[in-house]
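Whatever order the structure lists them in is the order used to number ligands and atoms, beginning at 1.
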Amino acid sequence: MGAAAGGAEEDGMSEKLIGVKQAWAKAGRLLTGKADEGYEARLPPGQRLVTNWPVLDLGVQPDVPTASWRLEVDGAVTTPMTLDWAAFMALPQVEDVSDIHCVTQWSRYDNRWQGVSTATILNAVQPLPRAAHVILHGFDGYTTNVSLDLFAEADCLLAHSHDGAPLSREHGGPVRAIIPRYYFWKSAKWLKRIEFVAEDAPGFWEVRGYHNVGDPWLEQRYS
Ligand SMILES: Nc1nc2c(c(=O)[nH]1)N[C@H]1C(S)=C(S)[C@@H](COP(=O)(O)O)O[C@H]1N2
Ligand SMILES: [Mo]
């Protein structure tokens, strides 16, 4: 699969569910227009706090045992690499606590993530000067795009654990991306490939009406 968005034709995806969300994006549903009111609170505009942890996917939850898991890191880099589980776990490990803000209006505070910092990955592959964007690919065919600058932020990581326990399959285990500053759809689950590119390429939800950037503080839900 290329850098473009994953097709909804992928086996087992829920066309109905995807269609509903796409229609909401088109209609601007869930936009509160409160983004300009100068919030200083911890909860971004239009969000409500939950203490459970909802599961959102495309109707498929890939089963990827760590024994066969591989992470490809390639594209506009000096040294492309493929990591197996042992190699990934041998990299320096970090822990970071951050809040989740989902575009469907729930937020969840104080998620303690363990994994490998994106800085470690960047240091290993050395993006070329032309690399400006990163496409995250999931084993379910999902894709999402972030700028290289954002991906390089200190709070971004490739997480294998949450609150000290291995990430469950439904939440994207064995490894998912965590991009805390943006809406949670940017945090790709079942991470399979990190692709560095010169030209931005909108991902699965970005081509279906979600905002290309997705900053919750600016309420960038839809494009
Ligand atoms: N691979 C993959 N990653 C994904 C998704 C997906 O469908 N596939 N959904 C995104 C969306 S829209 C959200 S809100 C979060 C949900 O993560 P959770 O199920 O752990 O709450 O994962 C994001 N990452
Ligand atoms: Mo989402």
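In the candidate list W106, W53, F184, F184 is nearest to atom 23 (C) of ligand 1, counting heavy atoms.
The closest protein non-hydrogen atom to atom 14 (S) of ligand 1 is C102 SG, 3.4 Å. Distance from atom 8 (N) of ligand 1 to its nearest protein heavy atom, with residue and atom name: D140 OD2, 2.7 Å. Residue, atom and distance of the protein heavy atom nearest to atom 12 (S) of ligand 1 are W185 CB, 3.5 Å. Counting only heavy atoms of the protein, atom 3 (N) of ligand 1 lies nearest to K189 N, 2.8 Å.
Each of the atoms 1 (N), 2 (C), 8 (N) of ligand 1 lies under 4.0 Å from some heavy atom of W190. Atoms of ligand 1 found under 4.0 Å from any heavy atom of A188, numbered from 1 in the order shown, are 3 (N), 24 (N). Contact atoms of ligand 1 toward P54: 18 (P), 19 (O), 21 (O) (distance under 4.0 Å to a heavy atom of the residue). Near D57, the atoms of ligand 1 lying under 4.0 angstrom from a non-hydrogen atom of the residue are 7 (O). Close approach of ligand 1 to R176 is summarised as follows: ligand atoms under 4.0 Å from at least one heavy atom of the residue are 15 (C), 17 (O), 18 (P), 20 (O), 22 (O).
H211 and V213 make their closest contact through ND1-N, 2.9 Å (heavy atoms, listed as atom of the first residue, atom of the second, distance). Nearest heavy atom pair, residue V50 against residue W106, reads CG1-CB, 3.7 Å. The nearest pair of heavy atoms linking W113 to L167 is CZ3-CD1, 3.9 Å.
Heavy atoms of Y210 stay at 4.0 angstrom or farther from ligand 1. At a 4.0 Å cut-off, at least one heavy atom of S187 sits close enough to ligand 1 to count as contact. At a 4.0 Å cut-off, at least one heavy atom of W205 sits close enough to ligand 1 to count as contact.
For W185 and F204, the distance between ring centers is not under 6.0 angstrom.
Electrostatic pairing of D215 and R181 does not count as a salt bridge here, judged by no charged N lying under 4.0 Å from a carboxylate O.
A donor-acceptor pair shorter than 3.5 Å cannot be found between the side chains of E206 and S223. In this model, no donor atom of one side chain and acceptor atom of the other lie less than 3.5 Å apart for Q61 and W190. With no hydrogens or angles considered, a side-chain donor-acceptor pair links S107 and H101 at under 3.5 Å. Counted by atom type alone, H160 and Q114 present zero donor-acceptor pairs between their side chains at under 3.5 Å. In the model, D200 has a side-chain atom that pairs as donor or acceptor with a side-chain atom of N212 under 3.5 Å.
Both the backbone and the side chain of L58 come within contact range of ligand 1, each with a heavy atom under 4.0 Å. Residue contacts with ligand 1 for F204 are absent, since no atom lies close enough (heavy atoms, distance under 4.0 Å). For Y142, every heavy-atom contact with ligand 1 shorter than 4.0 Å involves the side chain, none the backbone.
By the 3.5 Å distance cut-off applied to N or O atoms, L56 is counted among the residues near ligand 1.
Around atom NZ of K21, more than 12 heavy atoms belonging to other residues, nucleotides or ligands sit under 6.0 Å away.
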